[in-house]
Amino acid sequence: MRIGVLGAGNMAGALGEQWARAGHEVLVGARDPGRAAALAERIGHGARSGTFREAAEFGEVVLLAVWYEGVADVLDAAGPLEGRVLVDCTNATGPPDFTLKTPSVAGWIAERVPGARVVKAFNLCHESVWRLAPPPVDVPLCGDAEAVAVVAGLVRDMGCEPLHGGGLERAGQLEATAAFALGVYFGGPEMGDPRGMFPPIKIATEGVGPIAAGPTSR
C-alpha cells in the first residue's frame with residue numbers, strides 16, 4: 001500500500017518505519033525538503049521524500065503526524081484529499097495541564113477536508129512506544145467502517161491488534177483519554193500508578209463486582 005506521511009517528526013518516523021519495514025511504500029512530506037529527505041533515509045526500506053502535496057497525492061492512506069498547532073497549515077499545503085484515508089494521530093493538548101483545546105481534533109479535520117475519510121488512531125502513546133517491534137499495545141480506532149478496516153490492516157502489520165472504537169463521533173473520547181493519561185503520567189508520584197485505573201478484563205466484562213453490575217442491580 002502507498003502511504004503518504006505529512007510531517008517529518010518523531011511520530012512520522014516511528015509509524016513510517018513500521019509500515020516501510022512491513023513492505024508498504026512510504027513517501028515523507030514536509031515543508032523543509034532537507035528534513036523530509038533525512039527522515040526518509042532514516043526510515044529506509046525504500047522510503048522517499050517530497051512536499052506535503054506530493055505525499056498527499058502519493059498515499060492511498062495519508063498519515064497526519066504534526067503538532068496540533070500546525071494542522072491547518074499542513075492540510076492547506078497538502079491540497080485535496082478526496083477519497084483518501086486520513087489517519088489523525090494528533091492531540092490538542094499541552095503542558096502544564098494537558099487540557100483539551102477543542103471538542104474533537106478529528107472531527108474538526110473531517111469538516112476541513114470533507115472528502116477525506118478520517119480515522120483517529122495512534123494518539124494514546126508516545127512515539128517511543130511505536131518504535132518497538134512490535135509495540136506492546138492494542139490500538140483503538142474511530143472512523144467509518146471501511147476506513148477503519150484499512151487502518152486496522154496497517155495496525156496488524158505493525159504486530160498490534162486494532163480495537164474498533166466506533167464512528168468518528170467518538171474520536172473526542174479518545175482524545176480526552178489521551179489528555180487524562182498525560183495528566184496522570186506527568187502529574188508526579190502523588191498521582192499513583194496509572195496501571196491501577198482499570199479492573200481486570202474478566203471483572204469488567206463478566207458481571208463480577210460493582211463496576212459491571214451498576215447501580216440498577218441494587
task = Check the pair Val61, Met1 against side-chain contact (heavy atoms from CB on, under 4.5 Å), reporting the backbone distance first and the verdict last.
result = CA-CA 8 Å; Val61 172; Met1 182 174 288; 3.4 Å; yes
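Between Asp138 and Cys160 the shortest side-chain heavy-atom distance does not fall below 4.5 Å. Within the 4.5 Å cutoff, side-chain heavy atoms of Pro136 are placed close to those of Val129. Between Val66 and Val71, the closest side-chain pair of non-hydrogen atoms falls below 4.5 Å.
Val5 and Ala55 make their closest contact through O-CB, 3.8 Å (heavy atoms, listed as atom of the first residue, atom of the second, distance). Closest of all the heavy-atom pairs between Asn91 and Ala178 is OD1-CB, 3.5 Å. A pairwise comparison of heavy atoms in Phe52 and Gly7 identifies CE2-N, 3.7 Å as the closest pair. The shortest non-hydrogen separation linking Ala36 to Gly50 is CB-O, 3.9 Å. The shortest heavy-atom contact between Cys125 and Trp130 is O-NE1, 3.4 Å. Across every non-hydrogen atom of Ala106 and Ala171, the tightest pair is CB-CB, 3.7 Å.
Atom CG of residue Leu86 and atom CG of residue Leu6 lie 7.0 Å apart, to the nearest 0.5 angstrom. Here Glu54 contributes atom CD and Glu57 contributes atom CD; the two are 7.5 Å apart, rounded to the nearest 0.5 Å. Note that CG of Leu141 and NE2 of His164 are 6.5 Å apart. Values are rounded to the nearest 0.5 Å. The distance from the CG atom of Leu154 to the CG atom of Leu15 is 10.0 Å, given to the nearest 0.5 Å. Remark: Ile109 CD1 to Ser104 OG distance equals 8.0 Å, nearest 0.5 Å. We find the CG-CZ distance between Leu64 and Arg84 to be 14.5 Å, quoted to the nearest 0.5 Å.
Listed by first and then second residue, the salt bridge (charged side-chain N to carboxylate O under 4.0 Å, His left out) pairs involving residues 120-131 are Asp88-Lys120, Lys120-Glu175, Glu127-Arg131 (not counting sequence neighbours). Residue pairs meeting the side-chain hydrogen bond (donor to acceptor under 3.5 Å, both in side chains) criterion with at least one member in residues 3-22, sequence neighbours excluded, are Glu17-Arg21, Gln18-Arg21. Screening residues 140-151 for side-chain hydrogen bond (donor to acceptor under 3.5 Å, both in side chains), with sequence neighbours left out, gives Arg117-Asp144, Arg117-Glu146.
With hydrophobic clusters built from ILVMFWY side chains whose heavy atoms lie under 4.5 angstrom apart, Val74 shares a cluster with Val118. A continuous path of ILVMFWY side-chain contacts below 4.5 Å connects Val119 to Ile3, so both sit in one hydrophobic cluster. One hydrophobic cluster, built from ILVMFWY side chains closer than 4.5 Å, holds both Val139 and Val151. Using a 4.5 Å cut-off between side-chain heavy atoms of Ile, Leu, Val, Met, Phe, Trp and Tyr, with links allowed through other members, Leu63 and Tyr68 fall into different hydrophobic clusters. Taking hydrophobic clusters as Ile, Leu, Val, Met, Phe, Trp and Tyr residues chained together by side-chain heavy-atom distances below 4.5 Å, Val150 shares a cluster with Met158.
By the side chain to side chain donor-acceptor pair (under 3.5 Å) test, Glu25 is found to be paired with no residue, residues two or more places apart in sequence or in another chain being considered. Remark: Asp157 engages His24 in a side chain to side chain donor-acceptor pair (under 3.5 Å) (not counting sequence neighbours). In this view, Arg156 satisfies the side chain to side chain donor-acceptor pair (under 3.5 Å) rule with no residue, not counting sequence neighbours. Every residue two or more places apart in sequence or in another chain was checked for a side chain to side chain donor-acceptor pair (under 3.5 Å) with Ser49, and none qualifies. Residues that satisfy the salt bridge (charged side-chain N to carboxylate O under 4.0 Å, His left out) test with Asp76, not counting sequence neighbours, are Arg112. When the salt bridge (charged side-chain N to carboxylate O under 4.0 Å, His left out) test is applied to Arg53, no partner is found at least two apart in sequence or on another chain. Qualifying salt bridge (charged side-chain N to carboxylate O under 4.0 Å, His left out) partners for Arg35, counting only residues two or more places apart in sequence or in other chains: none.
Results of the side-chain contact (heavy atoms from CB on, under 4.5 Å) test with Asn123 over Leu174, Thr177, Thr90 single out Leu174 as the only residue that passes.
By the 4.5 Å side-chain criterion applied to Ile, Leu, Val, Met, Phe, Trp and Tyr, Phe58 is assigned to a cluster that also includes Leu27.
With hydrogens and angles disregarded, a donor-acceptor distance shorter than 3.5 Å links the side chain of His126 to the backbone of Ser128.
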Under 3.5 Å, which donor-acceptor pairs do the side chains of residues 38-45 form with other protein atoms, sequence neighbours left out?
none

